[in-house]
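Reckoned from all heavy atoms, side chains included, excluding hydrogens, waters and symmetry mates. Just so you know, these numbers come straight off a predicted model, no measurement behind them.
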Protein chains: 2
Amino acid sequence: MDVYIIEKQLRNKGYKLTEQRSILIDILNKSETPCTAQEVYEAARQKCNINFSTVYRNLELLSKLKIITSLNIKQGVTHFEIMGAGHHHHAICKGCGEVQVIEICPCHSLDSRMLEQLGFTPTELKFEIYGYCSKCNIEQNR
Amino acid sequence: MDVYIIEKQLRNKGYKLTEQRSILIDILNKSETPCTAQEVYEAARQKCNINFSTVYRNLELLSKLKIITSLNIKQGVTHFEIMGAGHHHHAICKGCGEVQVIEICPCHSLDSRMLEQLGFTPTELKFEIYGYCSKCNIEQNR
DNA sequence: CTCCGTTTTGCAAATCATTTGCATTTATAT
DNA sequence: ATATAAATGCAAATGATTTGCAAAACGGAG
Ligand SMILES: [Mn+2]
Ligand SMILES: [Mn+2]
Ligand SMILES: [Zn+2]
Ligand SMILES: [Zn+2]
C-alpha cells in the first residue's frame with residue numbers, strides 16, 4: 001500500500017500531516033498483522049516523541065476515514081489494521097493470541113436475500129476463526 | 001434449553017447452586033439476544049440481591065464450562081449468550097446497536113484444508129454482519 | 001436437623017484500556 | 001513571516017472488568 005495516497009487523502013480533507021501522524025500510518029501500513037494501540041505506541045515512540053492520546057486520537061481519525069479498520073478480536077483491546085490490504089480474514093490462537101491472516105473467505109457464498117428480508121443493509125462482514133496454532137496445539141497434547 | 005441440565009452439570013463439578021447463580025443462568029437462557037454484564041445485572045437485581053462482581057465471576061465460570069459463550073461484537077463491552085441455542089450468527093446495527101440473530105451461515109462452505117496447511121486447529125468460528133437495521137436505514141436516508 | 005469445610009458472595013479498592021479538557025505547539029495557506 | 005485552524009502533550013476522568021478479604025450460604029456427613 002502506498003502511504004502517499006493516504007497522506008494526500010488526509011490533506012485533501014483538511015487534516016494536517018504531522019510527524020506523529022505519518023509515523024503512525026507507516027507503522028500500521030507495514031504491519032503484517034492487526035496492532036493494538038499499545039503496540040502502535042511502542043513502535044512509534046522509537047521514532048518520535050509521542051503521547052498515548054495522540055495514538056488514540058489518530059486511530060480514531062483513521063478509522064473514521066476508513067484508512068484503517070478496527071477489529072474486536074480479543075476482549076478488552078481493540079486491534080487495528082490498514083484497509084486496502086485486500087479482503088481477508090483472521091485465525092486467532094486461543095493459546096498464545098497469535099493472529100494469522102487467512103485467505104479463506106465465506107463472504108462469497110452469502111445468501112443476501114435473507115438479509116434483505118430483514119431489511120438489514122450490510123456494510124461490513126467480519127469472520128474470525130478461533131482455535132490453536134501449530135505451536136500451541138502441540139503443547140496442548142502433552 | 002432446559003436449565004435443569006445446566007444446574008446438574010454445575011453440581012456434578014462441585015459448584016454450588018446459589019440463588020444468584022441460577023437466576024443468572026435463567027436470564028441468559030431466556031434472552032433472545034446476547035447480553036452484556038450490565039444487562040444481566042439489571043435483570044438480576046430485580047429478582048434478588050446481587051453484586052456486580054458476582055455477575056462477572058459467574059459469567060466467567062459459565063464461559064469456562066462452555067455453558068455460555070462470549071462475543072466481542074462491540075468494542076469495550078463483552079456480550080454473552082447461552083450455548084446450545086443452535087448454531088447461528090448475528091447482524092449488528094451500527095446505528096442503534098441492535099443485534100439480530102440470523103440463520104445465514106457460511107461455516108458449511110469452509111475449505112478446512114487451508115487451515116490444516118497452516119497447522120491451525122479451529123475450535124470456534126465467529127461471523128458477524130455489521131450494517132444498518134431497517135429502522136436506522138430509513139433515518140440515514142433522510 | 002445440625003455441624004463443618006468449602007464455595008460463593010458483597011463490598012471496596014485496584015486495574016486496564018480508552019477518552020477528555022485545556023494550554024501549548026505545529027502545519028499550512030496567504 | 002504571519003495568522004489561524006488543527007494537533008499534540010499532559011494530567012485527570014471514565015467505564016468495564018478484576019481482585020482481596022471477611023462474612024454468608026451451600027451441600028454433604030452424622
Ligand atoms: Mn471475506
Ligand atoms: Mn455458522
Ligand atoms: Zn498459539
Ligand atoms: Zn439500528
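Atom-to-atom, CG of A:L59 to C1' of C:dA17 comes out at 12 Å; the value is rounded to the nearest Å. Whole-Å rounding puts the A:N49 CG to C:dT24 P distance at 17 Å.
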Please tabulate, for side-chain N and O atoms in residues 27-38 of chain B, each donor-acceptor pair with protein atoms closer than 3.5 Å (sequence neighbours left out).
from: B:N29; atom 1: ND2; to: B:M1; atom 2: O; distance (Å): 3.1
from: B:K30; atom 1: NZ; to: B:D26; atom 2: OD2; distance (Å): 3.0
from: B:S31; atom 1: OG; to: B:T33; atom 2: N; distance (Å): 3.3
from: B:S31; atom 1: OG; to: B:T33; atom 2: O; distance (Å): 2.5
from: B:T36; atom 1: OG1; to: B:E39; atom 2: N; distance (Å): 3.1

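For B:S53, the side-chain hydrogen bond (donor to acceptor under 3.5 Å, both in side chains) partners two or more places apart in sequence, or in a different chain, are B:N51. With sequence neighbours excluded, no residue satisfies side-chain hydrogen bond (donor to acceptor under 3.5 Å, both in side chains) with B:E42. Considering only residues two or more places apart in sequence or on other chains, B:H79 meets the side-chain hydrogen bond (donor to acceptor under 3.5 Å, both in side chains) condition with none of them.
Other cluster members for A:V101: none, since no ILVMFWY side-chain heavy atom sits under 4.5 Å from it. Members clustered with A:I92: A:L71, A:I73, A:V99, A:Y130, by chain and number, using a 4.5 Å side-chain heavy-atom cutoff among hydrophobic residues.
For the segment residues 51-58 of chain B, the set of residues with a heavy atom within less than 4.0 Å of an atom of DNA chain D comprises B:S53, B:Y56, B:R57, in numerical order. Within residues 34-42 of chain B, no residue has a heavy atom under 4.0 Å from DNA chain C. Residues from residues 61-82 of chain B lying near DNA chain D, meaning a heavy-atom separation below 4.0 Å, are B:G76, B:V77, B:T78 in numerical order.
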Contacts under 3.5 Å, N or O only, protein and nucleotides 13-16 of chain C:
none

Between the protein and nucleotides 24-30 of chain D, are there any N/O to N/O pairs under 3.5 Å, and if so, what are the atom names and distances?
from: D:dC26; atom 1: O2; to: B:K16; atom 2: NZ; distance (Å): 2.4
from: D:dG27; atom 1: OP1; to: B:R11; atom 2: NE; distance (Å): 3.4
from: D:dG27; atom 1: OP1; to: B:L17; atom 2: N; distance (Å): 3.2

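Listed by first and then second residue, the ring-ring contact (aromatic ring centres under 6.0 Å, His included) pairs that reach into residues 4-42 of chain A are A:Y41-A:F52, sequence neighbours excluded.
With 3.5 Å as the limit, one finds no donor-acceptor pair spanning the side chains of A:T54 and A:Q20.
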